[in-house]
Amino acid sequence: MDDTVLCELSASAAVARMASGELSAETYATALLARCGQGAHLNAFINLDAEQVLAQARSADAYRAAGKPLGPLHGLPVPVKDSINTADYPTTGGTNALRGFRPAADAAAVSLLRQAGAIVLGKTNLHELSFGWTSSNAAFGAVRNPHDPSRIPGGSSGGSTCRVGAPSLCDGIAVAHLGPVCRGTGAICRGAAGDAAELAGRRAMAAGVRASLMLYAAQQRR
């Protein structure tokens, strides 16, 4: 299965393949990281540590190989908006004042994701302190619209929406992203490319709903 096919898998399909051993978490994470690299010009991420992601993916593979019980999000890389605390990444809120802030612990939602077997796939860019609609961030650079980089993606969750709304980069990379993607940002990203992007936007919204249900199921199994 080549990287393009891997990146088009839904979150649930990818997790099912990793749980069965048909797909390794490391292979899947490698494909998604490569696609992130191809979209670097969009500036969707503030922090993304590829080696850390791959190390956690290898740990997920070893956990499965040992026959241990797997969580409902086993091996799934999940981008997290950079206003949500993560113990292994800075949480900047998109502002220079918090550039070096290292939370002592994960936010409760991130903790639940990890308990369910998910891997944090970096921290996504946003409008400074989530207070605005353009995601033109003066501290970390503007997020670009995936369908027309000369335009804004909306905000405040511009980086998250950018990842969801860019099927040519990876329609599946942020289907389970953590952070509020408001309808406005999705509409702006879709509107830049017209009808073709509208379908991609609907697919992304449906995938987001599925991912939310997966997270809910993970909570209920605790």
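The first residue in the sequence is number 1, and the count goes up from there.
Residue pairs meeting the side-chain hydrogen bond (donor to acceptor under 3.5 Å, both in side chains) criterion with at least one member in residues 15-26, sequence neighbours excluded: Ser24-Thr27, Glu26-Arg58.
Considering only heavy atoms from C-beta on, Leu76 stays 4.5 Å or farther from Leu121 through its side chain. Residues Pro77 and Tyr28 have side chains in contact (heavy-atom distance under 4.5 Å, counting atoms from C-beta outward). Side-chain contact between Pro103 and Thr91 is present, with at least one heavy-atom pair separated by less than 4.5 Å. Here the side chains of Ile152 and Asn145 are not in contact, with every heavy-atom distance at 4.5 Å or above. Counting heavy atoms from C-beta on, the side chains of Val15 and Leu70 never come closer than 4.5 Å. Between Leu42 and Val143 there is no side-chain heavy-atom pair separated by less than 4.5 Å.
Of the possible polar contacts, one joining the Ser10 side chain to the Ala13 backbone as a donor-acceptor pair under 3.5 Å is found. Side-chain atoms of Ser135 come within 3.5 Å of backbone N or O of Gly154 as a donor-acceptor pair. A donor-acceptor pair is defined here as one N or O able to donate and one able to accept, closer than 3.5 Å; such a pair exists between the side chain of Asn137 and the backbone of Gly94. Ser59 contributes a side-chain N or O that, together with a main-chain N or O of Ala55, makes up a donor-acceptor pair within less than 3.5 Å. Asn125 places a side-chain N or O within donor-acceptor distance of the main-chain N or O of Asn43, the cut-off being under 3.5 Å.
Placement of Ile46 and Tyr89 in two distinct hydrophobic clusters is found when ILVMFWY residues are connected by side-chain heavy-atom separations under 4.5 Å, directly or transitively.
Between Arg64 and Met18, the shortest heavy-atom distance links the atoms CD-O, 3.0 Å. Taking all atoms of both residues into account, the shortest heavy-atom contact from Ala25 to Ala60 is CB-CB, 4.1 Å. For Phe45 against Cys36, the heavy-atom pair with the smallest separation is CE1-SG, 3.7 Å. Taking all atoms of both residues into account, the shortest heavy-atom contact from Arg99 to Phe140 is NH1-CE2, 3.3 Å. For the pair Val78 and Ala118, the tightest heavy-atom approach, listed with the atom from each and the gap, is CG2-CB, 3.9 Å. Taking every heavy atom of both residues into account, Arg144 and His41 meet most closely at CG-O, 3.5 Å.
Between Asp148 and Arg151, at least one side-chain nitrogen of the basic residue sits less than 4.0 Å from a carboxylate oxygen of the acidic one, meeting the salt-bridge criterion. A salt bridge is absent between Asp49 and Lys123: the closest approach of a Lys/Arg side-chain nitrogen to an acidic carboxylate oxygen does not fall below 4.0 angstrom.
For the residue pair Asp106 and Thr86, no side-chain donor N or O sits within less than 3.5 Å of a side-chain acceptor on the partner. Thr124 and Lys81 share no side-chain donor-acceptor pair at under 3.5 Å. Side-chain contact annotation: Glu8 with Thr4, donor-acceptor N/O pair under 3.5 Å absent.
A distance of 11.5 Å separates CG of Asp82 from OG of Ser157, quoted to the nearest 0.5 Å. Interatomic distance, Gln56 CD to Leu54 CG, rounded to the nearest 0.5 Å: 10.0 Å. The line from CG of Leu33 to CG of Leu48 is 6.0 Å long, rounded to the nearest 0.5 Å. In this structure, Thr30 OG1 and Leu6 CG are separated by 9.5 Å, a value rounded to the nearest 0.5 Å. A distance of 7.5 Å separates CD in Gln38 from SG in Cys7, rounded to the nearest 0.5 Å.
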Would you check, one step at a time, whether the test side-chain contact (heavy atoms from CB on, under 4.5 Å) holds for Val110 with Ile84?
-> CA-CA 8 Å; Val110 175; Ile84 300 171; 3.7 Å; yes
Check against side-chain contact (heavy atoms from CB on, under 4.5 Å), Leu9 and Leu23 = CA-CA 11 Å; Leu9 290 175; Leu23 171 65; 4.2 Å; yes
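The number of heavy atoms from other shown groups lying within 6.0 Å of CZ (Phe101) is above 12.
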